[in-house]
Number of protein chains: 2
Amino acid sequence: MDNKKTSGGGIQPSPERPTLKTIAFMTGLGITTVSRALKDAPDIGAETKERVRMVARQLGYQPNRAGVRLRTGKTNVIALVLSIDEEIMGFTSHMVFGISEVLAGTQYHLVITPHSHSKDPLVPVRYILDTGSADGVIISRTEPDDPRVELMHQRGMPFATHGRTNMGISHPFHDFDNEAFAREAVRALVAKGRRRIALLQPPGKLNYYLHTQIGFQTGLREYQAQEVPLRASTDTTLAEIKDTVEALMRSPHAPDGIVCSSSAGAIAVNAGIEAAGFHLGHDIDMVAKQSTDVLSWIRPEIIAIHEDFRHAGRELGKAVIARIDGIEPELLQSISSPIWPKG
Amino acid sequence: MDNKKTSGGGIQPSPERPTLKTIAFMTGLGITTVSRALKDAPDIGAETKERVRMVARQLGYQPNRAGVRLRTGKTNVIALVLSIDEEIMGFTSHMVFGISEVLAGTQYHLVITPHSHSKDPLVPVRYILDTGSADGVIISRTEPDDPRVELMHQRGMPFATHGRTNMGISHPFHDFDNEAFAREAVRALVAKGRRRIALLQPPGKLNYYLHTQIGFQTGLREYQAQEVPLRASTDTTLAEIKDTVEALMRSPHAPDGIVCSSSAGAIAVNAGIEAAGFHLGHDIDMVAKQSTDVLSWIRPEIIAIHEDFRHAGRELGKAVIARIDGIEPELLQSISSPIWPKG
DNA sequence: CTTTTCTACTGTATCGTTACAGATTTCCGC
DNA sequence: GCGGAAATCTGTAACGATACAGTAGAAAAG
């Protein structure tokens, strides 16, 4: 046996990776036959298929991705376009885990395509389209009228979005029911005797801002509560949120209930409330979304609604694959309901 | 044999994505010449190179990855092996963002290779090696004697680890100085007059458990404090941590200081302390690591040390690329120091 | 004026796969 | 026995890139 040194850079060849040629040689068949046998083509004999499959399994044959990709154009890649800007609580990782979970059972690899949401959001999508580097794309931070959706739709690239759009294009998506969340949040606060309610809302250009607003307004109307305006969003820095809330609490318009669209925001809001000398559960109540159950640990008084990002990841992964397989987009749209704490 | 079309003759420019052939046609050169010109090979004329580069830029030429990969074996992929098991605070995403940031300026794509840390950790690494699906690998949750490191080293696969190993193999890594963290944490607690100190430690099989332990023990000795044993680790569920801490606080051996190796753990520890009727900053002090500044928002009394995972991601990305380029591993090892709050 | 050397460029084979157009054998029906 | 269909299998040519072994022409050497 020859002793190879492992040194800088080069990968040592595995004990020679098997190709179709290897199997062809071992079975005495042609390369084409082997290829077709492994795809279960109708013009290959049953016994031959069996033999080929046995040898392939035995050798641990895995098709060479570069070969397939070059010949067929199929990349076997799903691209996840991610904003790499600051994120306080890492819900992104849960989504990545969910997608990974689904892709693990398939031939697809997950490629992270980063971008900064201060830059042109079309850049990463255009890159993927122009270089043909993925069979399907998942995007988040969806806007009501999203140019990325427009572009991918137009170019026929299968994709799924985290969050709906509102542009007359039917496409796969998964969304959290922010409308129900906000509406029910108001209801829960009113049930606790609260009537003057503030909302820490999502950034205005994202789609779920709209749903949150609609739900909130509906809730106010339906359960007869009043809105107390809060000049901050979940994209505002925590320090600013805290200061704004503190000032609001000290003002004559202080709310007695508050709805928070993010858990990081909820923490800052709570800090503002306490800085003003008030206490959750006593002077004021809060309903907040959370992706992990930290909030409940921090302040059990917070009514914490769970948004399951791992589930969202799974749904998005499944949807984009199904879309690649030609399933109609209308069948690949799902909305998950807020999960309320027991009792 | 048939006369094939040659570069001088009848090649039609593709209306699709440009290839070397397109550029060859437009410049009137051979495909090989174009390829070599774009690589700045020494045997191509300066003026020719200039012309080729101009046309390539103009067409927005990007080499076809499948072509390169098939011919050269170079994948231009960095694989990040990630545990997809529950993670409370999402530090993983920060690491992903850091790596992405570095790779964005290169030809490398980032592929997420998931695995469950309850399963054999070698599976994803073996898959990458056997299918040759990456040029470099980044792994986390490094163990003192890590079989993945052993395997990749042996097969000559460039890699970088988050966390050191202790197995006589020199390889790129980035690590947080957990020893300094634990030692200084004890010091900070002693400075506050605390003497009976407990440690919420990392899971025993991971490498940084050792460093944390050494630092902690050194601190105890150096600053004359006593260890109060705590039967839990950061991998224990939050509910269990809380119960354990609560019981400990009620016992005659209650600590008056505690060091936490994770922020999620710190939240549970705090819950336990409060459940037992004690208060941070009054009866007991806590030093804890955090990857985002949530802890400080939740309980400003917690002395929160910042561990920068985005920075770690950047370092790991740079290290693995440098290793692929043949830089010696000894030059690709970095340790980042705990960042203490001001004052 | 020939030979050698050098510069600048090019054709061919190849990586592993699949589409496509045969090719061979078997098995019918009549 | 024969035409023809069915059932199986196979060779060749790509996909886009690069390694390698050239070649043509000019310049330098003799």
Side-chain angles (χ1 to χ4, degrees), chain A residues 10-11 13-14 16-52 56 59-76 107 130-133, chain B residues 1-25 27-52 56 59-76 107 130-133:
Chain A
I11 304 171
S14 294
E16 211 56 47
R17 200 172 155 208
T19 68
L20 290 180
K21 208 160 147 186
T22 321
I23 302 176
F25 176 77
M26 295 192 69
T27 53
L29 296 161
I31 293 176
T32 303
T33 310
V34 174
S35 172
R36 299 186 57 68
L38 289 173
K39 314 204 117 51
D40 203 23
D43 64 346
I44 305 293
E47 198 212 338
T48 305
K49 280 181 188 168
E50 195 47 48
R51 243 171 72 229
V52 168
L59 291 173
Y61 170 75
Q62 303 249 167
N64 179 304
R65 309 192 122 230
V68 174
R69 180 163 170 179
L70 182 56
R71 186 61 179 89
T72 65
K74 173 130 210 222
T75 62
N76 287 307
Q107 77 271 48
D130 289 347
T131 61
S133 53
Chain B
M1 297 297 157
D2 293 23
N3 228 346
K4 291 171 195 165
K5 295 182 221 173
T6 57
S7 60
I11 298 176
Q12 299 308 314
S14 165
E16 306 283 318
R17 191 146 106 82
T19 68
L20 289 180
K21 206 158 146 186
T22 321
I23 302 177
F25 175 78
T27 53
L29 294 162
I31 294 175
T32 303
T33 310
V34 174
S35 172
R36 300 187 55 68
L38 287 173
K39 312 207 116 51
D40 204 22
D43 64 347
I44 306 293
E47 199 212 337
T48 304
K49 281 180 189 168
E50 193 48 45
R51 244 172 69 229
V52 168
L59 291 173
Y61 170 75
Q62 303 249 168
N64 180 304
R65 308 193 124 229
V68 175
R69 181 163 170 178
L70 183 56
R71 186 62 181 87
T72 66
K74 174 131 210 224
T75 62
N76 287 307
Q107 76 272 47
D130 288 347
T131 61
S133 54

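Each chain gets a letter, A, B and so on, in the order its sequence line appears, and its residues count up from 1.
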Inset, instruction - Check whether any side-chain nitrogen or oxygen of A/Thr48 sits under 4.0 Å from OP1 or OP2 of D/dC9, and answer yes or no. - result: yes
Inset, instruction - Please check the phosphate of D/dA17 (OP1 and OP2 only) for any side-chain N or O of B/Tyr61 closer than 4.0 Å. - result: yes
Inset, instruction - Could you check A/Pro63 against B/Ala46 and say which one's nearest nucleotide on DNA chain C is further toward the 5' end? - result: B/Ala46
Legend entry - Quiz item: B/Arg69 side-chain donor-acceptor pair to D/dA17 base, under 3.5 Å: no
Legend entry - Axial bend angle, the helix from C/dC1-D/dG30 to C/dC30-D/dG1: five-pair end segments, nearest 10°: 60°
Gap between atoms [atom1] and [atom2], on [X] and [N] respectively (whole Å):
X       : N      : atom1 : atom2 : result
B/Asn64 : D/dT18 : CG    : C1'   : 13 Å
B/Lys21 : C/dG11 : NZ    : C1'   : 14 Å
B/Ile23 : C/dT10 : CD1   : C1'   : 17 Å
A/Leu20 : D/dC9  : CG    : P     : 16 Å
A/Glu50 : D/dT8  : CD    : P     : 15 Å
B/Arg65 : C/dT17 : CZ    : C1'   : 19 Å
B/Gln62 : D/dA17 : CD    : P     : 11 Å
B/Asn76 : D/dG16 : CG    : C1'   : 14 Å

Inset, instruction - Mind checking side-chain contact (heavy atoms from CB on, under 4.5 Å) for B/Thr72 and listing every partner two or more places apart, or none if nothing turns up? - result: B/Val68, B/Lys74
Inset, instruction - Could you pull out all residues at least two apart from B/Leu20 that satisfy side-chain contact (heavy atoms from CB on, under 4.5 Å)? - result: B/Ile31, B/Val34, B/Ser35, B/Leu38, B/Tyr61
Legend entry - Counterpart residues, salt bridge (charged side-chain N to carboxylate O under 4.0 Å, His left out), relative to B/Arg36 (two or more places apart): B/Asp43
Inset, instruction - With the side chain of B/Asp43 defined as its heavy atoms from C-beta on, choose the nearest nucleotide among D/dT18, C/dT17, C/dC9. - result: C/dC9
Inset, instruction - Tell me which nucleotide among C/dC9, D/dC15, D/dA17 gets nearest to the side chain of A/Leu70. - result: D/dC15
Legend entry - Within residues 29-41 of chain A, residues whose heavy atoms come under 4.0 Å of DNA chain C: A/Ile31, A/Thr32, A/Ser35, A/Lys39
Inset, instruction - Taking the side chain as every heavy atom from C-beta outward, state whether B/Leu59 and B/Ile23 have any atom pair closer than 4.5 Å. - result: yes
Legend entry - Where at least one partner belongs to residues 23-34 of chain A, residue pairs that pass side chain to side chain donor-acceptor pair (under 3.5 Å), sequence neighbours excluded: none
